Asks: 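Take a look at the following structure, please.
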Number of protein chains: 2
Amino acid sequence: MSKHSPLNSIAFQNHDHSICIDQALALAEQRCHQLHARLTPQRKRVLELIWQSHKPLGAYDLLEMLNQASQKRIAPATIYRALDFLQATGLVHRLASLNAFTGCCAHDSHADCCFFICEQCRRVIEMEGNEVASIIDKSARQANFSYQQLSLEVVGLCPDCRTDQ
Amino acid sequence: MSKHSPLNSIAFQNHDHSICIDQALALAEQRCHQLHARLTPQRKRVLELIWQSHKPLGAYDLLEMLNQASQKRIAPATIYRALDFLQATGLVHRLASLNAFTGCCAHDSHADCCFFICEQCRRVIEMEGNEVASIIDKSARQANFSYQQLSLEVVGLCPDCRTDQ
DNA sequence: AATTGAAATGTTATATTATAACATTTACAC
DNA sequence: GTGTAAATGTTATAATATAACATTTCAATT
């Protein structure tokens with residue numbers, strides 16, 4: 001795999017997405033175990049909903065989905081807390097330009113991911129940002145800026161949508 | 001100037017900022033003239049407030065400043081319209097991770113700027129993103145993704161704040 | 001098994017950011 | 001001067017996110 005190939009390169013192809021979901025959840029269990037973090041049923045459910053979606057979900061989308069699925073009403077704070085946890089454990093990204101959340105495909109280097117966002121269908125490709133990160137690292141050094149985290153969001157048209165034009 | 005040097009490299013140094021403001025406003029006049037876009041007094045005032053600030057301002061910050069300065073009450077929509085205009089003409093950037101707006105230092109390539117954001121003092125360095133853009137361009141080609149615009153926001157500590165730690 | 005302290009969740013209220021929809025005013029081309 | 005499009009005013013509301021405090025759950029240790 002090249003240094004900058006898509007992590008979810010099959011995202012825009014037909015595939016058995018249930019396998020993606022299962023893998024992601026298994027990986028999440030594993031990582032949380034390592035971190036001594038608790039992937040509670042609620043947190044797991046949120047992660048699952050995020051992975052089930054083919055595009056990033058807003059907090060209130062998740063809220064609605066959870067509230068439709070069960071009887072008990074859940075409040076925004078609950079969702080945001082679950083999302084905070086999932087971000088802190090590197091399982092989910094927040095895409096600032098969309099105010100929405102997407103599952104993290106990276107095995108490590110959660111902090112340096114890049115996202116290609118289709119402005120038409122809203123689907124997302126996540127890329128390892130190693131190459132970009134090293135450029136930024138260099139620039140940061142020059143500017144004497146201590147760089148902690150980058151967020152790179154690229155807007156455009158995905159292969160499907162650009163041909164529909 | 002190297003391909004990736006800061007556009008506002010003196011941002012973290014003491015300087016006569018009124019010159020920055022004047023230059024930015026003059027450039028804005030010029031660009032709007034070229035574009036046959038109207039830099040109305042209100043739009044100009046918003047741009048001026050943004051440049052006067054040493055850190056990005058939220059829409060409601062601007063609202064408050066405008067409403068304190070004059071008698072007439074201005075509504076959010078007015079600010080957002082001015083900001084829309086300033087973004088469309090490439091005079092202002094919206095930093096998605098901050099929900100805030102900052103003056104654009106780039107002479108061209110407004111679409112490809114990178115930002116270093118100090119999480120402590122909230123000041124920002126803007127960089128030309130040419131180098132990053134070319135990497136992204138390459139990746140986009142490989143993924144058959146048509147890339148239109150990128151937004152790169154790097155969070156960390158500026159030279160001043162990292163030494164205060 | 002009971003105790004307990006920390007973590008997680010529930011609950012209510014509210015803050016913050018942004019837009020929709022329609023009315024009025026302004027500026028420029030003709 | 002007049003008509004027209006752009007800009008602004010105005011009112012209401014949508015969408016996103018957090019604060020503050022109460023309650024419950026979990027799991028480590030008696």
Side-chain angles (χ1 to χ4, degrees), chain A residues 28-29 32-33 35-47 49-50 53 55-67 69-89 91-102 122 151 153, chain B residues 28-29 32-47 49-50 53 55-67 69-89 91-102 119 122 151 153:
Chain A
E29 295 276 19
C32 286
H33 187 258
L35 296 172
H36 304 292
R38 286 172 53 203
L39 189 63
T40 63
Q42 194 155 239
R43 290 165 172 174
K44 192 170 178 178
R45 183 80 187 107
V46 170
L47 183 61
L49 286 171
I50 287 173
S53 169
K55 52 192 177 191
L57 294 176
Y60 282 76
D61 296 331
L62 289 162
L63 186 63
E64 197 181 349
M65 292 161 102
L66 281 177
N67 280 340
S70 88
Q71 308 305 339
K72 69 170 176 180
R73 304 274 91 181
I74 279 173
T78 303
I79 298 287
Y80 281 102
R81 279 190 290 229
L83 290 169
D84 285 348
F85 171 86
L86 294 171
Q87 287 176 267
T89 48
L91 297 170
V92 156
H93 290 281
R94 178 172 188 272
L95 299 180
S97 66
L98 298 179
N99 295 330
F101 301 85
T102 191
R122 288 288 165 108
S151 125
E153 301 180 18
Chain B
E29 296 275 17
C32 285
H33 188 257
Q34 283 169 1
L35 295 172
H36 304 291
R38 288 172 53 204
L39 190 63
T40 63
Q42 194 156 237
R43 288 165 173 174
K44 192 170 177 177
R45 183 80 186 108
V46 170
L47 183 60
L49 286 170
I50 288 173
S53 169
K55 53 192 178 191
L57 294 176
Y60 283 76
D61 296 332
L62 288 162
L63 187 62
E64 197 181 347
M65 292 161 103
L66 281 177
N67 280 339
S70 88
Q71 307 307 337
K72 69 171 178 181
R73 304 274 89 183
I74 279 172
T78 301
I79 299 288
Y80 280 103
R81 280 190 291 229
L83 290 168
D84 286 346
F85 172 87
L86 294 171
Q87 287 176 267
T89 47
L91 297 170
V92 156
H93 290 281
R94 177 173 188 273
L95 299 180
S97 66
L98 298 179
N99 295 331
F101 301 84
T102 191
E119 65 180 355
R122 287 290 166 109
S151 122
E153 301 178 20

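Computed from a predicted model, the values in this text were never measured in an experiment. First the proteins, then the strands, lettered A, B, ... as listed; each starts at 1.
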Asks: A/Thr78 side chain N/O closer than 4.0 Å to the phosphate oxygens (OP1, OP2) of C/dG10?
Replies: yes

Asks: For a quick check, tell me whether the side chain of B/Arg73 and the base of D/dG9 share a donor-acceptor pair closer than 3.5 Å.
Replies: no

Asks: Counting distance alone, no hydrogens or angles: does the base of D/dA14 have a donor or acceptor under 3.5 Å from a partner atom on the side chain of A/Tyr60?
Replies: no

Asks: Which nucleotide sits closest to the side chain of A/Arg81: D/dA17, C/dT11, C/dA21?
Replies: C/dT11

Asks: Which pair of non-hydrogen atoms, one from A/Gln42 and one from A/Lys72, has the smallest distance, and what is that distance?
Replies: OE1-NZ, 4.3 Å

Asks: Determine whether any donor atom in the side chain of B/Tyr80 lies under 3.5 Å from an acceptor atom in the base of C/dA20, or the reverse, and answer yes or no.
Replies: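 Counting by modelled atom types and ignoring angles, no donor-acceptor contact under 3.5 Å is found here.
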
Asks: Rounded to the nearest angstrom, tell me the gap between atom NE2 in B/His36 and atom P in D/dA5.
Replies: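 Rounded to the whole Å, the gap is 19 Å.
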
Asks: Quick check: on DNA chain D, is the nucleotide nearest A/Pro76 upstream (toward 5') of the one nearest A/Arg38, or the reverse? Name the residue that is more 5'.
Replies: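 This one resolves to A/Pro76.
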
Asks: Can you check the A/Gln42 CD to D/dT24 P distance for me, whole Å?
Replies: 16 Å

Asks: Output the single nucleotide from C/dG10, D/dA19, C/dA18 whose closest atom is nearest the side chain of A/Lys72.
Replies: C/dG10

Asks: Begin from the C-alpha positions of A/Arg43 and A/Leu91 and carry the test side-chain contact (heavy atoms from CB on, under 4.5 Å) through to its verdict.
Replies: CA-CA 11 Å; A/Arg43 290 165 172 174; A/Leu91 297 170; over 6 Å; no

Asks: Counting distance only, does the side-chain N/O of A/Arg45 pair as donor-acceptor with the main-chain N or O of A/Leu66 below 3.5 Å?
Replies: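 No; zero donor-acceptor contacts below 3.5 Å.
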
Asks: Take the protein atom CG of A/Leu63 and the nucleotide atom P of D/dA14, then report the distance between them rounded to whole Å.
Replies: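 To the nearest whole Å, that distance equals 16 Å.
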
Asks: Distance check needed: D/dT18 P versus A/Asn99 CG, whole Å only.
Replies: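 Nearest whole value for this atom pair: 10 Å.
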
Asks: Under 4.0 angstrom, heavy atoms only, what part of the nucleic acid is B/Arg43 near: base, sugar-phosphate, or nothing?
Replies: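 Counting heavy atoms under 4.0 Å across all strands, the contact made by B/Arg43 is with sugar-phosphate only.
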
Asks: Under 4.0 Å, heavy atoms only, any strand: does A/Thr40 hit a base, just the sugar-phosphate, or nothing?
Replies: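 The answer is sugar-phosphate, as A/Thr40 gets under 4.0 Å only of primed atoms, P, OP1 or OP2.
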
Asks: Write down the distance between CG (B/Asp84) and P (C/dT17), rounded to a whole number of angstrom.
Replies: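 Answer to the nearest Å: 16 Å.
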
Asks: Any side-chain heavy-atom pair from A/Glu153 and A/Leu95 closer than 4.5 angstrom?
Replies: yes

Asks: CG of A/Asn67 versus P of C/dG10: gap in Å, rounded?
Replies: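 In whole Å, C/dG10 P and A/Asn67 CG are 10 Å from each other.
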
Asks: Nearest whole Å is fine: how far is D/dA17 C1' from A/Gln87 CD?
Replies: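 Value for this atom pair: 12 Å.
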
Asks: Can you tell me if CZ on B/Arg122 sees more than 12 non-hydrogen neighbours from other groups inside 6.0 Å?
Replies: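 Counting neighbours around CZ of B/Arg122, 12 or fewer heavy atoms of other residues, nucleotides or ligands fall under 6.0 Å, so no.
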
Asks: Send over the distance from A/Leu98 CG to D/dT16 P, rounded to a whole Å.
Replies: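 Interatomic distance, CG of A/Leu98 to P of D/dT16: 11 Å.
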
